[in-house]
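Contents: one structure, followed by commentary.
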2 protein chains.
Amino acid sequence: MTPRETPLTREEILGAAIALIDAKGTDALSMRKLAGALGVEAMTLYHHFPSKDAILDGVVARVFGEMRIPEPFPEEWMAMAEEMFVAFRRVLVEHPGTIGLLARRPLNTEDSADFVEAPLAVLARSGLPAERIGQLYQSLVAYSFGHAFIASDRPIAPADSALRTDEVRYPTARATGRAISSFDEPTFRETLGHIMRGFAGG
Amino acid sequence: MTPRETPLTREEILGAAIALIDAKGTDALSMRKLAGALGVEAMTLYHHFPSKDAILDGVVARVFGEMRIPEPFPEEWMAMAEEMFVAFRRVLVEHPGTIGLLARRPLNTEDSADFVEAPLAVLARSGLPAERIGQLYQSLVAYSFGHAFIASDRPIAPADSALRTDEVRYPTARATGRAISSFDEPTFRETLGHIMRGFAGG
DNA sequence: TGCCTACCCTTACGCTGTAAGCCTTACGAT
DNA sequence: ATCGTAAGGCTTACAGCGTAAGGGTAGGCA
């Protein structure tokens, strides 16, 4: 096989991996298929990443790198934190396939530490004692993550699952008549507010 | 090989599957290993379940079947709902390996519909309009699920991951100095209350 | 010229889920 | 008593997986 004209780069590989995951789901990402999409053999990828897990870690880091908080920043700490968690949820909903990834390799990489520390710094402006801030942070992360997880209504289960995809009914879908979607952002914001005001002793 | 003295049963298979998942994680559950634990060959399992996915669905149903709400039932709807979601979280934390399963095959089976309808019925006692009840239910499920997911501090990633397990630091662990654990149930209950009171217009 | 390094390749191993088909035992009907 | 059928187990086989091991070839530098 004729080699590629330009050498592969880490970024190129991560881009292809995200595209593949977004298009076909996590299960569709195999080393052979990823390499195939790049016009290369599977083992070539091991020159750029030590393992598949390392690629997945890179994918998570890249997705987090896309997180943007809309300017201008609100002054008030609750509004600021709300924007940060909305951004968190939005990036997860935009890349539903990566949610399961994030689930079991949460911010393994160095540079994603910012996305942990930044919201904590904002919550600290509330003046609550440190322990309460930790609990509040926990609650907000858990809620945002869970919401994004359920909101990724495209089931990540393979299409040839034992059950036909058409028949799958999610709890909320069955209960409320529709799945959670990105249009639920207002409810998401509202609940964030309830949690924060609750902790702030409102 | 001499055949087993007693025929296999569906329940026996599910029990072995849950034991395997609890002990070694989801990744350790392969048809061959599960069959081996039962003293049987892999293909034998296909006499009792049409596919591996069907076994996983059965596992989820069984785990949900373990959900118990402590008696006596509280009268007040908020207290009642709180107990239900605490039970939900508790069962997930007790079987951390199944959380990822539940994630992508949420209540596929028929008999688990109860676990969807029952909390909704309780929330309906609040007298809120139907749409608000749906949103509240969404929020509570998302929070409970996310909390349980993060609380399963045993990372489901295989031990031979690219990163040593010892080095894995979860956001909350790094931030607060410890991981979420089952001892966080008080905070869990508190946040459930904040969400419910927020929706109830408290 | 010779060597080193970067980059890509091929081959191979043990694992996965499961399709296909064979063998034995148990049982109900003729 | 004999047969048909079904249940429940087995073996074999296939395509796909992650990756260990090692070979080749091109460009840069001594």
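Model, not experiment: these values are computed from the prediction.
OP1 or OP2 of D/dC10 sits under 4.0 Å from a side-chain N or O of B/T44.
In this structure, A/H48 atom NE2 and C/dA6 atom C1' are separated by 9 Å, rounded to whole Å. Taking atom CD of B/E41 as the reference point, atom C1' of C/dT24 lies 16 Å away to the nearest angstrom. Counting to the nearest Å, the P atom of C/dT16 and the NZ atom of B/K24 are 12 Å from each other. In this structure, B/F49 atom CZ and C/dG17 atom P are separated by 15 Å, rounded to whole Å.
Comment: A/E185 engages A/R189 in a salt bridge, judged by a side-chain N to carboxylate O separation of less than 4.0 angstrom.
Using modelled atom types and a 3.5 Å distance limit, the side chains of A/E12 and A/H48 yield no donor-acceptor pair.
Atom OG1 of B/T98 sits about 10.5 Å away from atom CG of B/L56, to the nearest 0.5 Å.
Looking only at side-chain heavy atoms (C-beta outward), A/L29 and A/V59 stay at 4.5 Å or farther from each other.
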Seminar exercise, completed: Under a 4.0 Å heavy-atom criterion, the protein footprint on nucleotides 17-24 of chain D, written with B, S and -, is BBBBB---

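A/F188 and A/Y143 have parallel rings, their planes meeting at less than 30° on a 0 to 90° scale where 60° marks the start of perpendicular.
For the residue pair B/E83 and B/P74, the shortest heavy atom distance occurs at CG-CG, 3.9 Å.
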